[in-house]
Amino acid sequence: MASLRIVVAAAALLVLGCACGGATARPLVGAAAKRPLQTSRPFNIAHRGSNGELPEETAVAYMRAIEEGADFIEADISATKDGHLVCFHDVTLDDTTDVADHKEFAARRRTLEVQWANVTGFFITDFTLAELKTLRAKQRWSFREQSHNGISPLITFDEFINIALNAKRVVGIYPEMKSPVFVNQHVKWADGKKYEDKFIATLKKYGYGGKYMTKSWLEKPLFIQSFAPTSLIYAADLIDSPKVFLVDDVTVRTEDTNQSYDEITSDEYLDYMKEYVVGIGPWKDTVVPPTKDNRLATPTDLVAMAHARGLQVHPYTYRNENRFLHYNFRQDPYAEYDYWLNDVGVDGLFTDFPASLRRFQEWTAKRRN
């Protein structure tokens, strides 16, 4: 608990420092050489930070993930009404903030069409950054720790980047161009730029760039991810950093091309996308579908198809609680990690519990040695 208090205090100071110093505030850590990113084993990707312990996409969740050994911290990047980029997963604020407790915003609740379905709630694109900063984050899942609810503010993309740059070792970032079609429909920038332009410009402002495993990439590791293939192709003309094509359930349609993910994981489409991306990030149940009685069925050939084209595979999301584990794993998250890393042979995992994945990887490395 003392360790958590230290992380909370440090997160508050860092966010305050970014706010006071402006969007381009320099890293607080000195110029001394940092421990480099590990590249000898599959990447430990902290999904929305250490969100198994703390409210997702908050400074404290990201700093805890770094403390716990994550190689990359992952964020969903949305936009505010006044054009600021912020770290937030949903298009609505309802599930992970206290917006419902703010009577001054009660009239903001409305219904919009989002990816061919009507969604009702408080839409993030209806709030300015100053208004969002009055809200506080809460844990998405009722069965997880609730004591940090109502404490942490939402953070900007700039603040997220500064958290990585201020780490005492090299920590990669893994931001997602989130719901780009929706954002471009509801947020307009005075200079006529698109959401994707603003996203890439922010990364460049902090010196990100460089192809996978080059010197510049290793100094500031970055994967850019999206479920929207046209956004990835557009971004490829703006920055040479590695990109990852996210893959949902095979029956779901992409927000931009209106194709099913079954269509766009075909041999022909992967041949096309490999010119723009270095990997895919599939939902794990798309790779190995579960049976109706919550057991693993026969794996698909998606990993083999990707690897045959030189593409990495970073599945999502690994959650340690029993309700998320298939019965094959006997309520043991280490058994799940072992299956995906050693049997399926993926190149990285998105996890809500980066400390657990780090301990598994260190334990198995010691056993091999």
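Small disclaimer: the values here were computed from a predicted structure and weren't measured.
Remark: side-chain polar atoms of Ser266 are paired, donor with acceptor, to backbone N or O of Glu263 under 3.5 angstrom. A donor-acceptor pair under 3.5 Å is absent between the side-chain atoms of Asn51 and the main chain of Arg48, judged by distance alone. For the pair Thr80 (side chain) and His84 (backbone), a donor-acceptor distance under 3.5 Å is present. Under a 3.5 Å cut-off, the side chain of Asp347 and the backbone N or O of Val313 do form a donor-acceptor pair. Trp283 contributes no side-chain N or O that, together with a main-chain N or O of Pro315, makes up a donor-acceptor pair within less than 3.5 Å. A donor-acceptor pair is defined here as one N or O able to donate and one able to accept, closer than 3.5 Å; no such pair exists between the side chain of Thr128 and the backbone of Asp82. At least one donor-acceptor pair closer than 3.5 Å links the side chain of Gln38 to the backbone N or O of Arg41. At least one donor-acceptor pair closer than 3.5 Å links the side chain of Asn166 to the backbone N or O of Asn162. Without hydrogens or angle criteria, Lys204 side chain to Leu238 main chain gives a donor-acceptor distance under 3.5 Å. Remark: side-chain polar atoms of Thr364 are paired, donor with acceptor, to backbone N or O of Phe360 under 3.5 angstrom.
Pro354 and Asn44 make their closest contact through O-ND2, 2.9 Å (heavy atoms, listed as atom of the first residue, atom of the second, distance). Summarising the geometry of Met177 relative to Ser231, their closest heavy-atom pair is CE-O, 3.6 Å, with the distance given to 0.1 Å. Scanning both residues, Val344 and Trp340, for their nearest heavy atoms gives CB-O, 3.5 Å. Among all heavy-atom pairs drawn from Thr97 and Leu135, the shortest one is OG1-CD1, 4.0 Å. The two residues Ser147 and Glu145 make their nearest non-hydrogen contact at OG-OE2, 2.7 Å. When all heavy atoms of Pro290 and His326 are compared, the pair lying nearest together is CB-CE1, 3.5 Å.
Side chains of Thr111 and Asn118: a donor-acceptor N/O pair is absent below 3.5 angstrom, by distance only. Side chains of Thr291 and Asp293: a donor on one and an acceptor on the other come within 3.5 Å.
For the pair Leu154/Lys133, no side-chain contact is recorded, criterion being any heavy-atom separation below 4.5 Å from C-beta on. Residues Arg140 and His89 are in side-chain contact: their nearest non-hydrogen atoms beyond the backbone lie under 4.5 Å apart. Residues Leu349 and His314 form no side-chain contact, since every pair of their non-hydrogen atoms from C-beta on lies 4.5 Å or further apart. The shortest distance between side-chain heavy atoms of Ile163 and Ile155 falls below 4.5 Å. A heavy-atom distance below 4.5 Å is found between the side chains of Asp267 and Met305. Taking 4.5 Å as the limit, every side-chain heavy atom of Leu85 sits out of range of all side-chain heavy atoms of Thr156. The shortest distance between side-chain heavy atoms of Ile45 and Asp71 does not fall below 4.5 Å. Under the 4.5 Å side-chain criterion, counting only non-hydrogen atoms from C-beta, Arg109 is not in contact with Phe123.
Note: Asp301 CG to Thr265 OG1 = 9.0 Å, rounded to the nearest 0.5 Å. If you take CZ on Arg64 and NE2 on His148, they are separated by 10.0 Å, rounding to the nearest 0.5 Å. Glu362 CD to Leu357 CG: the interatomic distance, rounded to the nearest 0.5 Å, is 10.0 Å. With rounding to the nearest 0.5 angstrom, the OG1 atom of Thr351 is 5.5 Å from the CG atom of Asn320. Within the model, atoms CG of Asn184 and NZ of Lys193 stand 13.0 Å from one another, a figure rounded to the nearest 0.5 Å. Separating the CG atom in Leu54 from the CZ atom in Arg144 is a distance of 11.0 Å, to the nearest 0.5 Å.
Heavy-atom contacts from other residues, nucleotides or ligands closer than 6.0 Å to CD of Gln331 number 12 or fewer.
In summary, the aromatic rings of Trp217 and Tyr208 are positioned with their centroids too far apart to meet the 6.0 Å limit. Note: Tyr337 and Trp363 fail the aromatic proximity criterion, with ring centroids not under 6.0 Å apart. In this structure, the ring of Phe160 has its center less than 6.0 angstrom from the ring center of Tyr62. Annotation: Phe329 is in aromatic contact with Tyr339 [ring centroid separation under 6.0 Å]. Aromatic pair Phe43/Tyr174: centroids not less than 6.0 angstrom apart. The aromatic ring centres of His47 and Phe353 sit 6.0 Å or more apart. With ring centers used as reference points, Tyr276 lies under 6.0 Å from Tyr272.
Trp189 is connected to Leu203 through a chain of hydrophobic side-chain contacts under 4.5 Å among Ile, Leu, Val, Met, Phe, Trp and Tyr, so both are in one cluster. Neither Val181 nor Val114 shares a network with the other; the hydrophobic side chains, linked directly or stepwise wherever heavy atoms of I, L, V, M, F, W or Y lie under 4.5 Å apart, form separate groups for each. Put simply, Tyr269 and Tyr234 are part of the same group of oily side chains (I, L, V, M, F, W, Y) that touch within less than 4.5 Å, one to the next. One hydrophobic cluster holds both Phe182 and Val119 under the rule that ILVMFWY side chains link at heavy-atom gaps under 4.5 Å. Put simply, Leu302 and Leu296 are part of the same group of oily side chains (I, L, V, M, F, W, Y) that touch within less than 4.5 Å, one to the next.
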Please tabulate, for side-chain N and O atoms in residues 239-248, each donor-acceptor pair with protein atoms closer than 3.5 Å (sequence neighbours left out).
unit_1	atom_1	unit_2	atom_2	d
Asp240	OD1	Gly210	N	2.7
Lys243	NZ	Ile239	O	2.9
Lys243	NZ	Ser241	O	2.5

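Asp191 has a carboxylate O that lies under 4.0 Å from a charged side-chain N of Lys198, or vice versa, which qualifies the two as a salt bridge. With respect to the salt-bridge test (charged N to carboxylate O, under 4.0 angstrom), the residues Asp158 and Lys205 qualify. A salt bridge does not link Asp98 to Lys138: none of the charged side-chain nitrogens sits closer than 4.0 Å to a carboxylate oxygen.
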Report task. Tell me, with the steps shown, if Glu56 and Gln139 meet side chain to side chain donor-acceptor pair (under 3.5 Å). Result -> CA-CA 7 Å; Glu56 64 186 54; Gln139 175 58 253; over 6 Å; no

Report task. Step by step, work out the side chain to side chain donor-acceptor pair (under 3.5 Å) result for Ser260 and Asp262. Result -> CA-CA 5 Å; Ser260 73; Asp262 186 44; 4.9 Å; no

Query - Evaluation steps, side chain to side chain donor-acceptor pair (under 3.5 Å), between Glu68 and Ser50 - result: CA-CA 8 Å; Glu68 293 177 336; Ser50 187; 2.9 Å; yes

Query - Residue pair Gln146, Asn149: steps toward the side chain to side chain donor-acceptor pair (under 3.5 Å) verdict - result: CA-CA 6 Å; Gln146 303 293 308; Asn149 290 356; 2.8 Å; yes

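With sequence neighbours left out, Glu176 forms a salt bridge (Lys or Arg N to Asp or Glu O under 4.0 Å) with Lys178.
Cation-pi geometry between Lys284 and Tyr318 is met: the NZ or CZ atom falls under 6.0 Å from the ring centre, inside 45° of the normal. With a 6.0 Å cutoff to the six-membered ring centre and a 45° limit on the axis angle, Arg319 counts as a cation-pi contact of Phe324. With a 6.0 Å cutoff to the six-membered ring centre and a 45° limit on the axis angle, Arg108 counts as a cation-pi contact of Phe127.
A ring pair (Phe, Tyr, Trp, His ring centres under 6.0 Å) with Phe157 holds for exactly one of Phe88, Phe199, Tyr195; it is Phe199.
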